[in-house]
Amino acid sequence: MKLRTLVFINAFAVGISIAAVNLYFQHNWYYSGVSLVSATIVSYFVFYFLIEKYVYSKIKIIYKMIHTLKLGKDLKDALGEYVSPDPINDVEQEVKEWARDKKIEIDDLKKQEKFRREFLSNISHEFKTPLFAIEGYVDALQDGGLEDHDLAHKFLDKVSKNVERLSFLIKDLNEISKLESGEIPINYQKFELTALIKEVKESLELKAAKNNISLIFKEKYDVPTWVYADREKIRQVLVNLINNSYKYGKPNGTTAISIFSLHDQYLVEITDDGIGINEEHLPRLFERFYRTDSSRSREIGGSGLGLAIVKHIVEAHHQTINVRSTHKLGSTFGFTIQKHKDVLNIPLINQD
């Protein structure tokens with residue numbers, strides 16, 4: 001409600017009250033009407049002056065402060081000074097919105113603080129494990145282990161593996177830090193997705209055999225799957241997701257790669273029939289160092305950053321990644337990739 005309307009209603013209520021009292025004592029409608037008009041006019045100006053000076057001006061200041069806080073300095077400077085035509089109603093709405101935004105902001109800060117504590121705890125543990133192992137083997141060698149050449153060679157081999165693990169951790173941490181800060185550019189180019197998947201499949205078939213897992217890629221298209229993305233980063237996404245399926249797959253299991261054509265994207269899915277993931281773990285699966293089964297995860301190795309790197313790469317392409325899983329039945333990781341727009345769907349020539 002605007003100020004003038006509010007003041008008029010109050011002034012009119014005073015005028016009616018005075019007119020009613022006048023009519024009760026004088027029994028004259030004319031004088032009652034005159035008192036109604038005069039009392040309303042006088043009350044209007046008195047109320048307007050008092051409310052404007054002592055109430056309305058303060059409300060406008062509060063409204064402007066809250067409005068400025070919501071917009072931020074840069075946006076406020078760009079839009080210029082703004083005065084609401086009805087700050088009495090608007091200030092209530094602004095306060096509610098501001099309080100809601102602040103509550104969301106506080107909740108986000110609490111989540112970030114929790115994430116920061118967990119991250120520091122996890123990274124400390126990840127570095128501590130190989131460092132303690134290296135320290136133990138080095139101490140054993142210094143305490144006479146060098147005299148037994150076979151034992152020394154065995155210890156040095158374990159030290160080498162732990163150093164390699166530390167190297168992987170540092171490399172992945174550095175990469176994910178650069179991805180988050182945007183220091184690593186996305187080098188978009190046109191390339192054929194099916195050909196890239198075949199390359200990745202061939203490079204990982206030996207590792208699949210070592211893990212007793214069959215790696216399957218069923219080609220469903222008789223036309224090229226031309227996409228527009230960073231080829232090497234998409235290769236990394238595929239490698240990380242396939243390696244992840246090996247880690248949590250079952251012996252003599254299967255990892256299948258599939259491509260589905262959407263409107264202006266392709267959906268690539270990596271499906272395994274392994275141990276699966278409980279539903280409560282799915283929302284946090286792409287967090288750094290998050291492990292659904294810490295003992296098993298550390299036993300099979302890895303930096304714990306593979307899925308986080310995948311998520312950052314996919315989102316850097318302005319695409320989406322998702323996961324669906326059923327415990328003890330398997331998991332499916334899927335990500336979208338942009339189709340190349342200037343491509344004619346000419347069927348591939350079968351040379352067989």
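Cluster annotation: Leu305 is connected to Val239 through the hydrophobic network of ILVMFWY side chains, with a link wherever side-chain heavy atoms come within less than 4.5 Å. The hydrophobic cluster containing Trp29 does not contain Val21, counting ILVMFWY residues as joined when their side-chain heavy atoms lie under 4.5 angstrom apart, directly or transitively. Val159 and Phe132 fall into different hydrophobic clusters, where Ile, Leu, Val, Met, Phe, Trp and Tyr residues are linked whenever their side-chain heavy atoms come under 4.5 Å apart, directly or through other members. The cluster map of Ile, Leu, Val, Met, Phe, Trp and Tyr, joined by side-chain heavy atoms under 4.5 Å apart, puts Tyr44 and Phe47 in the same cluster. The hydrophobic cluster containing Val37 also contains Val7, counting ILVMFWY residues as joined when their side-chain heavy atoms lie under 4.5 angstrom apart, directly or transitively.
Counting heavy atoms from C-beta outward, Glu199 and Arg231 have side chains that approach closer than 4.5 Å. Side-chain contact between Asp273 and Leu329 is absent, with no heavy atoms from C-beta onward closer than 4.5 Å. Ile277 has its side chain within reach of Leu285: a pair of non-hydrogen atoms, C-beta onward, lies under 4.5 Å apart. The shortest side-chain heavy-atom distance between Val14 and Thr40 does not fall under the 4.5 Å cut-off. Counting only heavy atoms from C-beta outward, the side chains of Ile337 and Gln265 never approach each other to under 4.5 Å. Considering only heavy atoms from C-beta on, Phe191 comes within 4.5 Å of Leu196 through its side chain. Looking at Ile216 and Thr255, their side chains never come closer than 4.5 Å, going by heavy atoms from C-beta outward. Counting heavy atoms from C-beta on, the side chains of Leu215 and Ile257 come closer than 4.5 Å.
Remark: aromatic rings of Phe335 and His317 are distant, center separation not under 6.0 Å.
A salt bridge links Glu232 and Arg235; the closest N-O separation between the charged side-chain nitrogens and carboxylate oxygens is under 4.0 Å.
Taking the six-membered ring for Trp and thresholds of 30 and 60 degrees, Phe155 and Tyr137 have ring planes inclined between 30 and 60 degrees apart. In this pair, His27 and Tyr24 present their aromatic rings tilted. The plane angle is within the 30 to 60° band.
In the model, Thr254 has no side-chain atom that pairs as donor or acceptor with a side-chain atom of Ser214 under 3.5 Å.
Closest of all the heavy-atom pairs between Ser35 and Ala19 is OG-CA, 3.4 Å. Contact between Ile213 and Gly249 at its shortest, heavy atoms only, is CD1-CA, 4.2 Å.
Annotation: cation-pi geometry not satisfied between Lys339 and Trp226 (NZ/CZ under 6.0 angstrom from ring centroid, within 45° of ring axis). Taking the centre and axis of the six-membered ring of Tyr246, the NZ or CZ atom of Lys207 falls outside the cone set by 45° and 6.0 Å.
The neighbour count for Lys250 NZ, taken as heavy atoms of other residues, nucleotides or ligands under 6.0 Å away, does not exceed 12.
For Gln338 (side chain) and Asp264 (main-chain N/O), a donor-acceptor pair under 3.5 Å exists by modelled atom type.
Of the candidates Val268, Val237, Asn244, Asn244 is the only one forming a side-chain contact (heavy atoms from CB on, under 4.5 Å) with Phe333.
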